[in-house]
Peer 1: 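What follows is a single structure, and I will ask about it in a moment.
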Amino acid sequence: MSLTFHWFLPTNGDSRHVVGGGHGTPVTAAGGDRPPSVGYLTQIARAAEDLGFVGALTPTGAWCEDAWLTTAMVSQNTERLKFLVAFRPGFVSPTLAAQMASTYQRQTGGRLLLNVVTGGESHEQRAYGDFLDKQARYERTGEFLEIVRGLWDGKTVDLAGEHLQVADASLARLPDPVPEVYFGGSSPIAGEVAARYVDVYLTWGEPPAQVAEKIAWIRGLAAKEGRTIRFGIRLHVITRDTSEQAWAEARRLLDGFDPETVRSVQEGLARSESEGQKRMLALHGGGRDGLEIHPNLWAGIGLVRGGAGTALVGSHEEVAERIAEYHRIGIDEFVLSGYPHLEEAYWFGEGVLPRLQQQGLWTHPSRPATAPQPAAQVPFASSGSR
């Protein structure tokens with residue numbers, strides 16, 4: 001089976017520096033370097049489409065543009081790329097969300113994927129009028145997905161749950177195809193929701209041994225439900241022609257982290273209720289030393305950014321090796337990003353993907369397989385520095 005690669009649409013802004021934000025922390029000043037206009041995001045989306053990425057993750061939260069609206073606009077300027085739209089189930093009724101997804105599929109030719117985000121920060125949820133605690137939010141997510149999946153199956157749904165109620169709910173037009181549901185979470189109840197309802201379980205970029213433990217945990221829960229789940233991982237990438245060039249770029253990014261910004265972001269993230277965020281923070285401990293936590297796995301991004309905080313750093317060959325390592329433990333989908341997102345898409349797409357193709361691990365989704373070709377070189381040689 002060919003590995004699946006997704007890219008990222010930076011709807012919080014882009015830069016040659018790391019754009020912080022997320023999990024209750026504001027976007028850093030670098031987010032204004034390249035505002036998230038439809039024109040710029042379309043450049044990234046079209047590059048990802050041409051290079052062979054299947055989809056593009058678009059985040060959700062007060063710190064970025066709305067994912068539904070933004071991707072709907074960008075979709076009209078692309079042909080094949082799918083959009084992994086992150087959304088929070090507590091903000092929209094399940095029947096309306098099911099209807100929105102159905103409309104999206106018809107208007108884009110079936111290019112919607114859904115990333116269900118329960119929400120790990122109560123203070124941010126309250127800003128949207130959601131006053132449930134974390135446990136209750138996950139319970140509501142389960143009820144939400146039960147309703148939505150029933151509607152997508154063409155059923156008339158009646159449900160009187162603890163948090164959601166619908167009566168005689170149905171869709172006039174069903175989505176074709178039914179969108180796949182992506183979901184992540186490290187708490188016990190998150191595992192229960194994943195096992196019952198999701199298609200792809202996502203984890204942030206922890207070292208392989210920790211990821212393997214998560215996979216075994218979710219796989220076991222899903223088996224009890226009589227289900228099989230695929231697994232994906234969310235990572236940043238810094239890949240160059242040589243390892244030295246890649247690590248030089250990582251050092252350049254690290255040198256751009258203002259100490260006061262690091263302190264402020266870490267204080268904010270320390271208040272997070274998300275188990276996944278706590279695991280990210282434990283990888284670097286808030287310091288600048290010992291950030292290579294596994295060969296070619298760098299935890300520096302997490303010093304100034306919430307959520308995914310690790311990057312694969314190295315030569316194209318080394319990054320391909322790490323991807324193969326994650327694949328051996330059960331990861332089939334990779335949701336990647338890099339600063340800036342336009343240039344880094346080309347570094348990865350022209351540097352790493354051809355090597356994975358040579359190994360038989362990847363095939364371009366819209367081009368027929370051909371005899372292995374020499375790995376392409378990125379057309380610019382500046383390694384992304386100023």
Side-chain angles (χ1 to χ4, degrees), residues 5-23 25-37 39-48 51 53 56-59 61 63-65 70 204-205 233-241 243 245-258 261-262 265 269 280 283-284 288 291-292 296-316 319 322 334-352 378-386:
F5 292 92
H6 306 283
W7 197 240
F8 185 85
L9 292 183
T11 56
N12 56 328
D14 202 6
S15 176
R16 292 183 180 273
H17 298 281
V18 176
V19 179
H23 276 260
T25 62
V27 173
T28 52
D33 292 352
R34 298 185 188 179
S37 66
Y40 179 61
L41 295 175
T42 295
Q43 288 186 62
I44 298 172
R46 293 183 71 172
L51 290 163
F53 292 94
L57 173 65
T58 310
W63 53 284
C64 58
E65 298 286 3
T70 301
W204 286 328
I233 193 167
R234 173 78 179 92
L235 288 157
H236 304 275
V237 286
I238 304 173
T239 178
R240 296 294 185 270
D241 296 336
S243 183
Q245 290 171 343
W247 285 107
E249 176 65 8
R251 287 191 296 272
R252 185 191 70 80
L253 292 175
L254 186 63
D255 289 344
F257 295 173
D258 175 68
T261 298
V262 173
V265 169
L269 295 178
M280 281 284 102
L283 296 178
H284 56 69
R288 294 173 182 253
L291 292 174
E292 188 177 6
N296 306 110
L297 184 63
W298 184 60
I301 302 291
L303 292 176
V304 294
R305 185 192 191 280
T310 53
L312 295 179
V313 181
S315 68
H316 304 314
V319 171
R322 294 288 78 75
F334 294 79
V335 183
L336 307 175
S337 57
Y339 299 96
H341 289 75
L342 181 59
E343 288 91 326
E344 288 296 336
Y346 280 104
W347 277 115
F348 184 87
E350 296 182 339
V352 178
V378 175
F380 43 86
S382 66
S383 78
S385 63
R386 288 183 179 274

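Residue indices begin at 1 and follow the sequence shown. Source: prediction; values computed, not measured.
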Peer 1: Say you draw a straight line from CG of L235 to CZ of F8; how long is it, rounded to the nearest 0.5 Å?
Peer 2: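 Those atoms lie 13.0 Å apart.
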Peer 1: Would you name the heavy atoms of A246 and G314 that are closest together and state the gap between them?
Peer 2: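 For A246 versus G314, the nearest heavy atoms are CB-O, 3.3 Å.
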Peer 1: Evaluate the side-chain proximity of L41 to T11: yes if any heavy-atom separation is below 4.5 Å, no if none is.
Peer 2: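 Yes - at least one pair of side-chain heavy atoms lies under 4.5 Å apart.
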Peer 1: Would you compute the distance between atom CG of D241 and atom NE2 of H316 and round it to the nearest 0.5 angstrom?
Peer 2: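 With rounding to 0.5 Å, CG (D241) is 4.0 Å from NE2 (H316).
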Peer 1: Within the 4.5 Å heavy-atom criterion, are L303 and L254 side-chain neighbours or not?
Peer 2: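 Contact flag for L303/L254 side chains = yes.
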Peer 1: What heavy-atom pair brings T28 and G20 nearest, and what distance separates the two atoms?
Peer 2: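 It is OG1-N, 2.8 Å.
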Peer 1: Given salt bridge (charged side-chain N to carboxylate O under 4.0 Å, His left out), test R240 with E344 step by step and report yes or no.
Peer 2: CA-CA 10 Å; R240 296 294 185 270; E344 288 296 336; 2.7 Å; yes
Peer 1: On a heavy-atom basis, which atom in L269 and which in G302 lie closest, and how many Å separate them?
Peer 2: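 Distance-wise, the nearest heavy atoms are CD1-O, 4.2 Å.
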Peer 1: Please tell me if the side chains of R34 and P340 come closer than 4.5 Å, counting only heavy atoms from C-beta onward.
Peer 2: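 A side-chain contact exists here, since the closest heavy-atom pair is under 4.5 Å.
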Peer 1: Taking side-chain hydrogen bond (donor to acceptor under 3.5 Å, both in side chains) as the definition, give me every residue that meets it alongside S243, ordered by chain and number, with sequence neighbours left out.
Peer 2: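 If we apply the side-chain hydrogen bond (donor to acceptor under 3.5 Å, both in side chains) test to S243, skipping adjacent residues, the hits are E318.
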Peer 1: Who pairs with T42 by side-chain contact (heavy atoms from CB on, under 4.5 Å), at least two apart in sequence or on another chain?
Peer 2: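 Per chain and number, T42 pairs via side-chain contact (heavy atoms from CB on, under 4.5 Å) with V38, R46, V74, N77.
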Peer 1: Return the set of residues passing salt bridge (charged side-chain N to carboxylate O under 4.0 Å, His left out) with R322 (not counting sequence neighbours), or none when no residue passes.
Peer 2: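 R322 satisfies salt bridge (charged side-chain N to carboxylate O under 4.0 Å, His left out) with E325 once adjacent residues are dropped.
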Peer 1: Within a strict 4.5 Å, meaning less than it, do heavy atoms of the T25 and W63 side chains meet?
Peer 2: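 Contact flag for T25/W63 side chains = no.
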Peer 1: With salt bridge (charged side-chain N to carboxylate O under 4.0 Å, His left out) as the test, would you mind laying out the steps for R251 and E292 before giving the verdict?
Peer 2: CA-CA 12 Å; R251 287 191 296 272; E292 188 177 6; over 6 Å; no
Peer 1: After noting the C-alpha distance and the side-chain angles of T261 and V265, does the key distance pass the side-chain contact (heavy atoms from CB on, under 4.5 Å) rule?
Peer 2: CA-CA 6 Å; T261 298; V265 169; 4.1 Å; yes
Peer 1: Say you draw a straight line from CD1 of I238 to CG of N296; how long is it, rounded to the nearest 0.5 Å?
Peer 2: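 Here the interatomic distance stands at 11.5 Å.
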Peer 1: A299: which residues meet the side-chain contact (heavy atoms from CB on, under 4.5 Å) condition with it, sequence neighbours left out?
Peer 2: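 Counting only residues at least two positions away or on another chain, A299 forms a side-chain contact (heavy atoms from CB on, under 4.5 Å) with L283, H284, L291, I293, T310.
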Peer 1: Can you name the nearest heavy-atom pair linking I44 to P10, along with the distance?
Peer 2: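 Heavy-atom minimum between the residues: CD1-CD, 3.6 Å.
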Peer 1: Applying side-chain contact (heavy atoms from CB on, under 4.5 Å), name anything that partners A308, two or more places apart in sequence or on another chain.
Peer 2: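 Checked A308 against side-chain contact (heavy atoms from CB on, under 4.5 Å); matches are W204, R234, H236, R305.
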Peer 1: Under 3.5 Å, side chain of S15 to main-chain N/O of V18, donor-acceptor pair present?
Peer 2: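 The answer is no, because no donor-acceptor pair under 3.5 Å joins these two groups.
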Peer 1: Specify the closest pair of heavy atoms between V19 and G31, including all atoms of both residues, with the distance to one decimal.
Peer 2: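 Result for this residue pair: CG1-CA, 3.6 Å.
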Peer 1: Under the rule for side-chain contact (heavy atoms from CB on, under 4.5 Å), what residues qualify as partners of A47, not counting sequence neighbours?
Peer 2: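 Once residues adjacent in sequence are excluded, the partners of A47 under the side-chain contact (heavy atoms from CB on, under 4.5 Å) criterion are L342, Y346.
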Peer 1: Less than 3.5 Å apart, any donor N or O on the side chain of D14 or Y339 sitting next to an acceptor on the other?
Peer 2: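 Not at all, the side chains of D14 and Y339 share no donor-acceptor pair under 3.5 Å.
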Peer 1: What are the two closest heavy atoms between A345 and L51, and how far apart are they?
Peer 2: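 That closest heavy-atom pairing would be O-CD1, 3.1 Å.
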Peer 1: Applying side-chain contact (heavy atoms from CB on, under 4.5 Å) to W7 and H341, what does each step give before you reach the verdict?
Peer 2: CA-CA 8 Å; W7 197 240; H341 289 75; 3.8 Å; yes
Peer 1: Is there a side-chain contact between H6 and F53, using heavy atoms and a 4.5 Å cut-off?
Peer 2: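 No, too far: nothing below the 4.5 Å cut-off.
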Peer 1: Which value, rounded to the nearest 0.5 Å, describes the distance between H17 atom NE2 and D255 atom CG?
Peer 2: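 Nearest 0.5 Å value for the NE2-CG distance: 10.5 Å.
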